[in-house]
Number of protein chains: 2
Amino acid sequence: MNTAKDKLNSYLEKEGMRRSQQREQILDEFLASKRHLTAEELYDLVKEKYPEIGQATVYRALKLFCEANICRTLNLQEGPARYEAIIGHEHHDHLICLDCGRFEEVVSPRIEELQQKLAEAKGYKLKEHRLVLYGLCSECRS
Amino acid sequence: MNTAKDKLNSYLEKEGMRRSQQREQILDEFLASKRHLTAEELYDLVKEKYPEIGQATVYRALKLFCEANICRTLNLQEGPARYEAIIGHEHHDHLICLDCGRFEEVVSPRIEELQQKLAEAKGYKLKEHRLVLYGLCSECRS
DNA sequence: CTCTATGCAAAACCTTTGCATAGAA
DNA sequence: TTCTATGCAAAGGTTTTGCATAGAG
């Protein structure tokens, strides 16, 4: 049912690590927010419900979630790293408004295909990619 | 002749800022290195020739160069920001080996074109983009 | 002369780590 | 019982900032 929690637990098992309440609580808050949170923002959310959880635990949990393929970090331009859930969230890239910060999730199978070819042409086996488009949204253009 | 220096000076003028020896010296070293330097690496280079230049000045200069469109920051993997000259260096994206860190500069007009369309379809006017492909290079694959 | 740019050191910002202890297996 | 995960605070790595002074216009 909760795929992310399953994924977490099977990753923990595979790695010989232990379960913990904190990690599940942090994961719940992360998934519930449905946003691209920074570690700090997630810590603030988590603190409201579970005030005893420490900041380091949130950082450690996010790192773990990334390793377990539950989330990934976004390489946007400024500020702290942001994390995005992978589960229940198809792969996509980002289109960000330079003016207001609004963003869209976009995807182009054709672009992905060309990326494959580009990598192959250089003798690389493509594993992943990060694409961020920066522009002006319809509102900020006027 | 030295387009980058011209660009710097016209930017300074436009912004009502003053010229300085340090900025030109830092720019010279930056361009001469022809690498994707971090601020620290550039500072080390600069120090050899001009020991009296301070680290903060290098950071301030790099920020300025970005604003003046002389260089741009790369958000490659981890660690500190890296800077890349724009002038005398056509636009390109990066293909990085996850294993050894080796990288290639790549470009695909077709992808750029599709990016335009993707942005337009969402009502955005595309201004720039960052594309980084991660994979395994021919050596690390074997 | 005026006011920006610099150098220095300190601060700020984000993230990781050491250590003693709580808690899972 | 054993050994990982946690919480705290301190340290780490990178970048920015305050302030007095040098230096450009």
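From a predicted model like this one, the values you see are computed outputs, not experimental measurements. Residue numbers start from 1 in every chain, and the chains themselves are labelled A, B, ... in the order their sequence lines are given, proteins ahead of strands.
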Rounded to the nearest angstrom, tell me the gap between atom CG in Leu64(A) and atom C1' in dT15(C). 16 Å
If you find the nucleotide of DNA chain D closest to Leu12(A) and the one closest to Thr38(B), which residue's nucleotide is nearer the 5' end? Leu12(A)
Quick one: which of dT6(D), dT15(D), dC3(C) gets closest to the side chain of Gln55(B)? dT15(D)
How close or far is atom P of dT4(D) from atom CG of Leu8(A), stated in whole angstroms? 17 Å
Closest to the Ile53(B) side chain, choosing from dG7(C), dA5(D), dT2(C): dG7(C)
Just say parallel, tilted or perpendicular for the rings of His129(A) and His91(A), cut-offs at 30° and 60°. perpendicular
Identify whether any heavy atom of Arg19(B) sits under 4.0 Å from a base atom; if not, whether one sits that close to sugar-phosphate; answer base, sugar-phosphate or nothing. sugar-phosphate
Rounded distance (Å) that lies between atom P of dG7(D) and atom NZ of Lys47(A): 13 Å
No-hydrogen, no-angle side-chain donor-acceptor test under 3.5 Å, Glu41(A) and His36(A): no
Reading DNA chain C from 5' onward, which residue's closest nucleotide shows up sooner: Met17(B) or Pro51(B)? Met17(B)
Testing the 3.5 Å rule here: is there a donor-acceptor pair between the side chains of Glu29(A) and Tyr50(A)? no
DNA chain C: 5'-proximal contact among Pro80(A) and Ser20(B) (nearest heavy atom): Ser20(B)
Atom CZ of Arg18(A) to atom P of dG23(C): distance rounded to whole Å? 14 Å
Do any side-chain nitrogens or oxygens of Tyr59(A) fall under 4.0 Å of OP1 or OP2 in dT16(C)? no
Of dT17(C), dT6(C), dA9(C), the nucleotide closest to the side chain of Ala56(B) is dA9(C)
Respond yes when some side-chain nitrogen or oxygen of Gln22(B) is under 4.0 Å from OP1 or OP2 of dG7(C), and no when none is. yes
Give the rounded distance in Å between these two atoms: CG of Leu42(A) and P of dC14(C). 15 Å
Under 4.0 Å between a side-chain N or O of Arg23(A) and OP1 or OP2 of dT6(D)? yes
Pick out which of Val132(B), Ile111(B), Val106(B) makes a side-chain contact (heavy atoms from CB on, under 4.5 Å) with Asp93(B). Val106(B)
Students often get this wrong, so: under 4.0 angstrom with heavy atoms, is Glu40(B) touching a base, only sugar-phosphate, or nothing? nothing
Length of the CD-P vector between Glu13(B) and dA24(D), whole Å: 17 Å
Atom CD of Glu41(B) and atom C1' of dT15(D): how far apart are they, to the nearest Å? 15 Å
Report yes if a donor N or O on one partner sits less than 3.5 Å from an acceptor N or O on the other, where the partners are the side chain of Arg60(B) and the base of dG7(C); otherwise report no. yes
To the nearest 0.5 angstrom, please state how far the CZ atom of Arg60(A) sits from the OG atom of Ser20(A). 10.5 Å
Without decimals, in angstroms, what is the distance between Leu62(A) CG and dC14(C) P? 15 Å
What's the closest nucleotide to the side chain of Thr57(B) if the choices are dG7(D), dT6(C), dA24(C)? dT6(C)
Kindly indicate, with the supporting measurements, whether the criterion salt bridge (Lys or Arg N to Asp or Glu O under 4.0 Å) is fulfilled by Lys125(B) and Glu120(B). CA-CA 6 Å; Lys125(B) 172 129 209 290; Glu120(B) 275 167 26; over 6 Å; no
Considering only dA24(C), dT15(D), dT16(C), which nucleotide approaches the side chain of Ala81(B) most closely? dT15(D)
